[in-house]
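Report on the structure given below.
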Amino acid sequence: MIRKLLVANRGEIARRVFATCRALGVETVAVHSDADAAEPFVGEADQAVRLPGSTPTETYLRVDKILDAARRSGADAVHPGYGFLAENAEFAAAVTDAGLTWVGPPAKVIAAMGDKLAAKAMLAEAGVPMLPSWTDTDGISDFPVLVKASAGGGGRGMRIVRDAAGLAEAVASARREAAAAFGDGTVFIERYVERGRHVEVQIFGDAHGRVVALGDRECSIQRRHQKIVEEAPAVVPEQVRTALHEAAVAAGRAVDYLGAGTVEFLLAPGGEFFFLEMNTRLQVEHPVTELCTGLDLVGLQLLVAEGEPLPATLPVSTGHAIEVRLCAEDAGAGWRPATGTLHRFTVPAVAAEFGGLTRPGLRLDSGVVAGSVVGVHYDSMLAKLIAWGRTRAEATRLLSTALARAELHGVTTNRDLLVRVLRSSAFAAVEIDTGFLDRHAEVFTALLPTSRLPLAALAAALAAAAQRRATAPVLAGLPSGWRNVPAVPQTTRFAVTGGDEIEVRYRLDRTGRLAEWSSTSAASDSPDGPEAPEPGVEPGVALVVATPERVVLDVDGVRCAYRVHRVGSAVFVDGPEGAASLAELPRLPLPTAEVAAGSLLAPLPGAVTRVHVQVGQRVTAGEPLLTLEAMKLEHPVLAPTDGVVAELPVPAGGQVQTGAVLAVIDSSPAPGDLEPPNPEEDPR
């Protein structure tokens with residue numbers, strides 16, 4: 001029997017495993033980096049052991065430190081979570097060699113499936129259908145192809161290549177990213193299937209030779225080859241489902257599988273499917289299977305690790321479950337990972353966390369809470385929100401509504417994208433495949449229409465006025481800004497996403513009603529600043545009530561309630577149509593230092609891994625200047641215009657913070673580019 005379990009991972013999956021342990025009476029041990037010392041998973045464990053350092057290579061990937069933590073805490077078992085060490089055969093062997101119970105497949109199985117090339121060859125002999133693949137670029141003439149990392153998953157190291165010209169660079173880039181993520185830069189190439197769907201089967205094996213399929217999942221909606229929406233069961237014909245389950249079980253039996261695993265397939269438009277990989281761990285998307293089957297997959301992992309057989313009778317899948325991965329990402333910066341402090345993290349109508357949902361509703365599996373700091377060292381996923389309904393349509397509506405109403409303040413996320421996907425007609429019609437986002441640009445539109453941003457800014461300004469009035473030492477009962485003789489309206493300026501500004505002007509009468517208001521927008525970098533708004537009133541808007549945290553406006557006869565949350569100068573407004581993040585600008589701004597014209601600034605903290613150009617070199621627009629690595633992903637920095645590289649202040653290997661100057665491009669014409677004077681023209 002497992003008495004005390006150490007989880008060799010962090011964040012959401014650590015909290016998920018701890019939840020099952022509490023229900024089963026198993027004591028828990030967390031390990032944490034310095035960056036994670038204040039995170040929720042650390043406080044929820046019975047014991048916690050510090051791993052000095054902050055980066056994964058200093059902490060969570062150090063086998064010696066993990067084993068030392070198990071020894072010091074008295075743990076008798078180790079659960080690897082997913083990612084990091086979950087598919088590291090050397091770690092699994094080290095755990096068992098130390099006399100501890102390993103909650104996962106044996107090291108030999110992990111090693112066999114971890115080498116994707118060897119796994120493909122082994123399972124092909126077991127009759128599992130395969131795509132053609134290559135280990136080098138010689139002789140590849142059938143495009144498109146997909147470059148993949150042999151030692152990992154999660155989209156790391158994946159590159160789609162559509163012609164021979166881009167193959168060499170794609171392979172080199174994939175090798176670098178795979179080496180950074182998994183410590184192994186080996187890649188291979190396989191045929192890319194257009195309009196293919198990513199369908200996977202959850203398998204489980206016990207020490208008594210039994211391997212079963214516990215359902216299937218649709219994971220086709222992906223960005224950068226990483227899943228963002230998953231659902232169970234997959235919407236496929238029953239004969240295809242049966243064949244998928246049979247192939248997955250055959251793959252498990254071929255390697256004497258033990259514990260939780262996932263066999264992933266690529267489903268072609270005609271119904272033919274091919275093996276992609278076997279993940280020898282619990283998957284991020286396992287909650288959708290748990291909700292449809294009523295099983296606790298972590299509980300089953302512990303049961304099997306203790307040598308017990310799987311239950312003789314397993315439940316039949318019921319209803320439909322959909323999961324979205326809520327990630328810290330900035331749409332305005334090319335979907336780069338975002339950092340910051342979560343000032344508020346609230347999702348309405350959540351019925352359960354990390355399991356325990358026994359009827360249709362919402363489940364939240366989150367690695368963060370209000371106050372959590374999202375840094376640069378780890379994956380950008382914040383939480384998973386999962387809806388379980390009697391039908392797919394019911395689950396979709398429940399999930400999209402809760403997600404749209406969530407209050408996510410302080411860190412930009414992919415929430416609006418997820419809601420747009422769920423509410424799209426293509427998703428409703430199950431017209432999905434791995435290229436879904438490439439074909440549906442409309443889902444990248446923010447929920448809050450640009451035309452409604454002035455109303456959100458007005459609500460923010462009125463809430464600020466209410467706050468000032470509520471804290472005023474005298475005259476607190478009078479409307480803010482009221483005068484016997486109407487004069488200049490109150491003016492508030494806000495910075496908004498994209499570098500623009502919006503200015504709101506308003507005046508209240510002696511009864512506190514909105515007498516007039518107007519707004520204007522302008523780019524914040526305009527040399528003349530925002531243009532003055534046209535005088536007058538924007539009709540159709542009346543103030544119903546304004547408090548520091550809630551403003552209700554009557555807009556053309558429809559009441560709209562806005563929730564306002566202020567943190568310093570940052571103002572977060574959640575309204576009926578979407579959310580806005582604003583920053584109130586000072587009325588009398590202090591002068592600030594200017595950066596040189598043509599400066600390219602770091603969009604987020606990270607490390608410069610490669611510099612592709614030299615000072616003095618002429619470059620063209622779109623040419624790579626350097627590569628910035630953050631949150632385990634490479635981010636190319638491209639020349640915004642033609643010009644000459646004037647400065648490269650950060651060398652390869654240098655660390656930078658957000659806003660640091662990475663390069664300066666002088667876009668002034670070269671002497672040879674100037675047109676020579678026309679001798680026939682009058683010099684006067």
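These numbers come from the heavy atoms of this one structure, side chains and all, not from hydrogens, waters or symmetry mates. Positions are given from 1 along the sequence.
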Can a side-chain donor-acceptor contact be found between Gln222 and His198 if the only test is distance below 3.5 angstrom? yes

Result for side-chain contact (heavy atoms from CB on, under 4.5 Å) between Leu5 and one of Leu24, Val103, Leu100 points to Val103

Between the side chains of Arg281 and Gln283, does any donor sit under 3.5 Å from an acceptor? yes

Would you mind checking if Arg71 and Asp68 are paired as a salt bridge, meaning a charged N to carboxylate O distance below 4.0 Å? yes

Any Arg336 side-chain heavy atom under 4.5 Å of Leu628 side chain: no

Verify side-chain contact (heavy atoms from CB on, under 4.5 Å) between Leu214 and Leu314, making sure each step is shown before the conclusion. CA-CA 8 Å; Leu214 297 181; Leu314 295 169; 3.5 Å; yes

Ile432 side, atom CD1; Ile221 side, atom CD1 - distance, nearest 0.5 Å: 5.0 Å

For the pair Arg325 and Glu12, find out whether any cationic side-chain nitrogen is under 4.0 Å from an anionic carboxylate oxygen. no

Carboxylate-amine/guanidinium proximity below 4.0 Å for Arg22 and Asp46: no

Roughly how far, to the nearest 0.5 Å, is CG of Leu291 from CD1 of Ile322? 11.5 Å

For the side-chain contact (heavy atoms from CB on, under 4.5 Å) test, which of Ile228, Leu385, Asn414 pairs with Val324? Leu385

So, the side chain of Asn9 versus the backbone of Pro80: is there a donor-acceptor pair under 3.5 Å, distance only? yes

Counting only heavy atoms not in Gln239, do more than 12 fall under 6.0 Å of its CD? yes

Which pair of non-hydrogen atoms, one from Ile203 and one from Val249, has the smallest distance, and what is that distance? CG2-N, 4.5 Å

Is any side-chain N of the basic residue among Lys384 and Glu230 closer than 4.0 Å to the acidic one's carboxylate O? no

Nearest non-hydrogen partners of Ala247 and Phe273, listed with the distance: CB-CE1, 4.0 Å

Sidechain-backbone polar pair: Lys4 side chain, Ser73 backbone, donor-acceptor under 3.5 Å: yes

SB check Glu323 Arg217 (cutoff 4.0 Å): no

Glu39 vs Arg10, test: salt bridge (charged side-chain N to carboxylate O under 4.0 Å, His left out). Steps then yes/no. CA-CA 9 Å; Glu39 288 305 296; Arg10 61 178 300 277; 5.4 Å; no

Considering only heavy atoms from C-beta outward, does the side chain of Arg72 approach that of Val49 to under 4.5 Å? yes

Scanning both residues in full, the closest heavy-atom pair of Cys21 with Leu302 reads SG-CD1, 4.4 Å

So, for Val411 and Ala328, which heavy atoms are closest and what is the spacing to 0.1 Å? CG1-CB, 3.5 Å

Donor-acceptor contact present, side-chain Glu290 to main-chain Leu297, <3.5 Å: yes

Mind listing the closest non-hydrogen atom pair of Ala254 and Leu123 along with its distance? CB-CD2, 3.9 Å

Run the salt-bridge test on Arg176 and Glu169 with the 4.0 Å N-O cut-off and return the result as yes or no. yes

Show your reasoning for whether side-chain hydrogen bond (donor to acceptor under 3.5 Å, both in side chains) applies to His286 and Gln202. CA-CA 8 Å; His286 76 274; Gln202 176 72 61; over 6 Å; no

With the threshold set at 4.0 Å, does a side-chain nitrogen-carboxylate oxygen contact exist between Glu190 and Lys120? yes

Give the minimum heavy-atom separation between Arg191 and Trp134, together with the two atoms involved. N-CZ3, 3.6 Å

Among all residues two or more places apart in sequence or in another chain, which pass the ring-ring contact (aromatic ring centres under 6.0 Å, His included) test with Phe91? Trp102

Side-chain donor or acceptor of Asp163 paired with backbone N/O of Gly166 under 3.5 Å: yes

Indicate yes or no for a side-chain donor-acceptor contact from Tyr60 to the backbone of Ser33 under 3.5 Å, with no hydrogens or angles considered. yes

Quick check for you: to the nearest 0.5 Å, what is the distance between Asp136 atom CG and Phe188 atom CZ? 13.5 Å

